[in-house]
Amino acid sequence: MLVPMQRLTLYALKADRDALLLALQKDGSVMLDPDGEKNNGPGAEEVNAQLEKAGLVLRFMTKNGGKQPLIAPRQEVSYGDFLKTSEEGRTVTEKVDTLSNRIAAMDSEAAALRTQAESLEPWKDLEIPLEQLGLTEKTRIYAGFLPEDDVPAVQEGLKDLLAEMKCYGSSPDGQAVVVVAHVDADADVRRILKTNDFSDAVLPKRSGKAADVIKELNAEADARLQKAEAWRKEALAAADRKPQVELYYDQLTAAGDRIAHTGTETDSAFMLTGWVRKDRKKRLEKVVSGVTDAYQLEFRDPGPDEIPPTVLENNAFVRPYEAVVQLYSLPAAGSIDPDWMVAPFHFIFFGMMMSDAGYGLVMTIALYIAMKKVKPRGFAGKLAMVAFFGSISTFIWGAMFGGWFGLEWHPLLFVPMNEPTKMLALCFLLGAVHLVAGMLTKTYMLIRDGDVMGAFCDEISWLIMFAGFLCMALVPGPVGKYMAIFGAAVIVLFGGRDRKGIISRLIGGLLALYNISSYLSDLLSYSRIFALGLSTGVVGMVINTLAKMLNGAGPLGTAAAVVILVGGHFFNILINILGAFVHSSRLQYIEFFGKFYEAGGRAFQPLAFRTRYTDIVK
């Protein structure tokens with residue numbers, strides 16, 4: 001359900017601000033309004049700088065700290081220990097940050113030296129020392145590159161001048177050449193070179209022959225890389241204390257969140273505004289009074305122009321499916337929370353789309369162990385529970401349909417592949433129930449808002465017509481026909497009631513009746529349940545058939561059969577978990593939500609301890 005929200009205003013002394021913000025953060029019930037300038041409290045600049053540094057250090061340690069577990073467990077820290085800034089974490093952060101900067105500098109210098117050495121490769125046979133490639137009293141020396149196709153033309157142009165050109169190695173810039181010209185021929189030489197797209201070489205400012213300089217540069221690069229490697233080993237040793245840096249990072253994050261909400265202040269007092277759950281007002285008053293007696297706390301309902309944040313409150317079964325709704329959009333304030341309806345349908349559809357009891361059993365065990373080990377929280381924890389519930393549903397529906405790892409064994413209901421008509425009928429029946437639930441929800445919302453006419457003409461009339469169609473198919477007699485005619489008549493007469501003029505209203509009503517094609521399209525969408533369930537079973541059967549064919553081909557074939565069985569079914573489980581989740585969610589978003597849902601809510605983000613690496617044990 002949607003929890004009612006209220007605006008709060010807190011007045012207190014500045015001397016109590018830090019203690020109050022810490023108490024509010026620990027309680028996690030208040031969403032404070034952002035300050036005009038984010039993170040403008042005392043010490044904000046230092047905290048943000050340290051937070052950025054700790055983040056960089058953690059990334060560096062992850063990259064250079066050897067193998068990391070696929071799913072890293074979160075360390076548990078008591079509330080008291082979390083409030084004490086980790087001095088070890090601070091020390092390790094400073095040390096590794098210094099080392100990482102040194103390593104980056106050495107790597108950069110080594111790369112620059114390697115680049116210089118590579119730039120000299122075309123000149124490695126040059127006998128003239130690099131420092132002599134310049135002007136003399138009687139000569140001019142040009143070292144650079146010519147397009148290879150222009151080399152003969154330049155040689156021909158220099159033939160009658162007091163100049164000589166020698167070619168060296170090739171490079172992406174062209175043919176490396178050195179032209180030595182007498183000063184009297186310099187103007188002509190420069191003209192010829194310019195005409196043929198000559199470009200000067202940028203050579204390192206080093207002394208000696210190019211080959212010797214190349215060796216010198218590579219040796220210096222190696223020396224810098226050795227220094228960097230030594231520092232990396234030192235940083236690798238510090239990686240054992242990564243948990244302390246992670247704790248330090250979470251502590252800085254919490255401190256930064258508090259500093260970001262300093263409120264409006266005077267010389268001695270300050271004011272905070274925000275949102276609080278209506279059912280936690282007394283709890284909030286107790287939190288504030290536990291810090292100071294010098295305060296004033298005011299509550300009021302949201303104003304007409306204020307949009308309160310959305311808070312969802314549901315039981316243990318429904319709560320995980322809040323993640324499914326959040327992936328679409330939170331419900332708008334004042335609308336209705338659809339989670340209690342999404343949960344059972346998503347649970348059923350997921351299992352029918354997987355429809356293999358063996359897969360469901362494997363998924364249930366694997367997810368249970370993984371969640372016990374990792375203990376995912378928040379949004380990730382909800383998604384994990386959706387998958388866990390889906391695995392239970394998969395086991396149930398797989399047993400009913402007789403599917404066990406692609407094999408048929410004692411179905412409790414029927415085998416969809418053998419009786420596809422029954423399976424389609426079941427899918428359409430569940431789809432009809434799903435759509436009717438959405439229409440009834442819309443009916444309730446219209447009546448709640450005082451639009452009884454709209455509820456009857458736009459929703460109940462359709463339900464009457466569909467009920468008539470059902471009676472015509474199942475119940476003898478004209479009752480069903482009259483119900484369908486009555487429902488259709490109401491739609492035609494009142495579907496365009498917002499228009500002016502009788503003719504225009506009738507046309508609008510006929511157009512509204514044409515929406516029956518939309519309802520039919522929505523109903524047909526539920527055939528995807530059968531399609532995905534069928535694909536799971538067919539792929540499983542193919543995997544089993546391939547393994548059976550290989551099993552008779554000797555020891556090697558048996559080994560290959562085992563690999564295909566394990567790998568194939570593992571892949572089939574993974575791909576169908578994704579497909580079942582996506583398509584079960586799609587049926588909620590498109591077919592179900594399209595009937596009543598009002599999206600656009602904004603998330604309730606209270607001031608709280610949002611840790612990435614640690615769990616606080618209060």
(request) Please indicate whether Asn315 has more than 12 foreign heavy atoms, meaning atoms of other residues, nucleotides or ligands, lying under 6.0 Å from its CG. (result) yes
(request) Indicate yes or no: does Glu306 engage Arg300 in a salt bridge with an N to O separation below 4.0 Å. (result) yes
(request) Kindly say whether Val324 contributes a backbone atom to a donor-acceptor pair with the side chain of Tyr589 at under 3.5 angstrom? (result) yes
(message) Can you see whether Asp356 engages Thr536 through a side-chain donor-acceptor pair at a distance of less than 3.5 angstrom?
(response) no
(message) Assess whether a salt bridge exists between Lys595 and Glu459, defined as any Lys/Arg side-chain N lying under 4.0 Å from an Asp/Glu carboxylate O.
(response) no
(request) In plain terms, say whether Arg610 and Asp250 are close enough for a salt bridge, that is, a side-chain N and a carboxylate O under 4.0 Å apart. (result) no
(message) Taking CE in Met541 as the centre, count heavy atoms belonging to other residues, nucleotides or ligands within less than 6.0 Å. Is the count above 12?
(response) no
(message) Closer than 4.0 angstrom, basic N to acidic O: yes or no for Asp27 and Arg283?
(response) yes
(message) With a 3.5 Å distance limit and no angle check, can you tell me whether Thr292 reaches the backbone of Ala294 through a side-chain donor-acceptor pair?
(response) yes
(message) Donor-acceptor check, side chain of Thr262 to backbone of Ile259, threshold 3.5 angstrom: yes or no?
(response) no
(message) Check this for me, if you would: do Arg7 and Asp301 make a salt bridge, where the nitrogen-to-carboxylate-oxygen distance has to be below 4.0 angstrom?
(response) no
(message) Tell me whether Phe379 at atom CZ has more than 12 heavy atoms from other residues, nucleotides or ligands lying less than 6.0 Å away.
(response) yes
(request) Tell me, yes or no, whether the heavy-atom count around Lys375 atom NZ, taken from other residues, nucleotides or ligands under 6.0 Å, exceeds 12. (result) no
(request) Establish, for the pair Lys26 and Tyr79, whether the NZ or CZ atom is under 6.0 angstrom from the six-membered ring centre and no further than 45 degrees off its axis. (result) yes
(message) Taking atom CG as the centre, does Leu474 end up with more than 12 heavy-atom neighbours from other residues, nucleotides or ligands that are less than 6.0 angstrom away?
(response) yes
(message) Quick one, Phe604 with Trp275, criterion ring-ring contact (aromatic ring centres under 6.0 Å, His included). Give me CA distance, side-chain angles, the key distance, then yes/no.
(response) CA-CA 9 Å; Phe604 179 67; Trp275 296 92; 9.2 Å; no
(request) Any chance you could measure Met465, atom CE, to Ile491, atom CD1, to the nearest 0.5 Å? (result) 4.0 Å
(message) Could you check whether any side-chain heavy atom of Pro4 comes within less than 4.5 Å of a side-chain heavy atom of Arg277, counting everything from C-beta outward?
(response) no
(request) Could you list the residues that satisfy ring pair (Phe, Tyr, Trp, His ring centres under 6.0 Å) with Trp409, not counting sequence neighbours? (result) Trp404
(message) Quick one about Tyr359 and Asn572 (side-chain donor to acceptor, distance below 3.5 Å, no hydrogens or angles considered), yes or no?
(response) yes
(message) Between Glu265 and Arg17, does any side-chain N to carboxylate O distance fall below 4.0 Å?
(response) yes
(message) Tell me if the CZ atom of Phe317 is crowded by more than 12 foreign heavy atoms within 6.0 Å.
(response) yes
(request) Using atom types as modelled and distance alone, determine if a side-chain donor or acceptor of Ser521 lies under 3.5 Å from a backbone N or O of Ser517. (result) no
(request) Flag the pair Arg280 and Glu285 as a salt bridge only when some basic side-chain nitrogen lies within less than 4.0 angstrom of an acidic carboxylate oxygen. (result) no
(request) Mind listing the closest non-hydrogen atom pair of Asp293 and Ser289 along with its distance? (result) OD1-O, 4.1 Å
(message) Would you say CZ of Phe571 has more than 12 non-hydrogen atoms from neighbouring residues, nucleotides or ligands within 6.0 angstrom?
(response) no
(request) Sort and list the pairs that fulfil salt bridge (Lys or Arg N to Asp or Glu O under 4.0 Å) and have at least one residue in residues 424-450, not counting sequence neighbours. (result) none
(message) Just verifying a value: how many Å separate Leu413 CG and Glu419 CD, rounded to the nearest 0.5 Å?
(response) 8.5 Å
(request) Starting from the C-alpha separation in whole Å, work towards a yes-or-no answer on side-chain contact (heavy atoms from CB on, under 4.5 Å) for Thr310 and Leu2. (result) CA-CA 7 Å; Thr310 299; Leu2 288 178; 3.5 Å; yes
(request) Could you tell me whether the side chain of Ser393 and the main chain of Gly390 form a donor-acceptor pair under 3.5 Å? (result) no
(message) Can you see whether Thr9 engages Glu298 through a side-chain donor-acceptor pair at a distance of less than 3.5 angstrom?
(response) no
(request) Working to the nearest 0.5 Å, report the span between NE2 of His261 and CG of Leu32. (result) 5.0 Å
(message) Checking the side chain of Arg602 only, and the main-chain atoms of Ile307 only, is there a donor and an acceptor separated by less than 3.5 Å?
(response) yes
(message) For the residue pair Lys281 and Phe299, would you count it as a cation-pi contact if the rule is NZ or CZ under 6.0 angstrom from the ring centre and within 45 degrees of the ring axis?
(response) yes
(request) Starting from the C-alpha separation in whole Å, work towards a yes-or-no answer on side-chain contact (heavy atoms from CB on, under 4.5 Å) for Phe428 and Ser527. (result) CA-CA 7 Å; Phe428 290 145; Ser527 62; 4.1 Å; yes
(request) Kindly give the heavy-atom pair with the smallest separation between Cys457 and Phe494, and that separation in Å. (result) SG-CB, 3.5 Å
(request) Under the side-chain contact (heavy atoms from CB on, under 4.5 Å) rule, what do Leu446 and Val452 come out as? Steps first, then yes or no, please. (result) CA-CA 6 Å; Leu446 290 171; Val452 178; over 6 Å; no
(request) For this output row, return yes or no: ring centroids of Phe349 and His434 closer than 6.0 angstrom. (result) yes
(request) Using a 4.5 Å cut-off on heavy atoms from C-beta on, say whether the side chain of Glu591 contacts that of Tyr526. (result) yes
(request) Considering non-hydrogen atoms only, spot the tightest contact between Ala316 and Arg319 and give its length. (result) CA-NH1, 3.7 Å
(message) Within this structure, what is the CE-CD1 distance for the pair Met363 and Ile577, rounded to the nearest 0.5 Å?
(response) 4.0 Å
(request) Kindly state whether the ring of Tyr295 and the ring of Tyr11 have centres lying under 6.0 angstrom apart. (result) no
(request) Evaluate side-chain contact (heavy atoms from CB on, under 4.5 Å) for Met439 paired with Phe596, printing each intermediate quantity in order. (result) CA-CA 7 Å; Met439 297 173 70; Phe596 70 94; over 6 Å; no
(request) Report yes if the side chains of Leu435 and Asp522 come closer than 4.5 Å at any heavy-atom pair, otherwise no. (result) yes
(request) Decide yes or no on ring-ring contact (aromatic ring centres under 6.0 Å, His included) for Phe581 and Phe350, but give the supporting numbers first. (result) CA-CA 6 Å; Phe581 178 82; Phe350 190 106; 7.3 Å; no
(message) I need the single residue from Asn515, Leu513, Ile507 that forms a side-chain contact (heavy atoms from CB on, under 4.5 Å) with Leu511. Which is it?
(response) Ile507
(request) State the CG-CD1 distance between Asp451 and Ile447, to the nearest 0.5 angstrom. (result) 9.5 Å
(request) Kindly compute the distance separating CG (Leu10) from CG (Leu21), expressed to the nearest 0.5 Å. (result) 9.0 Å
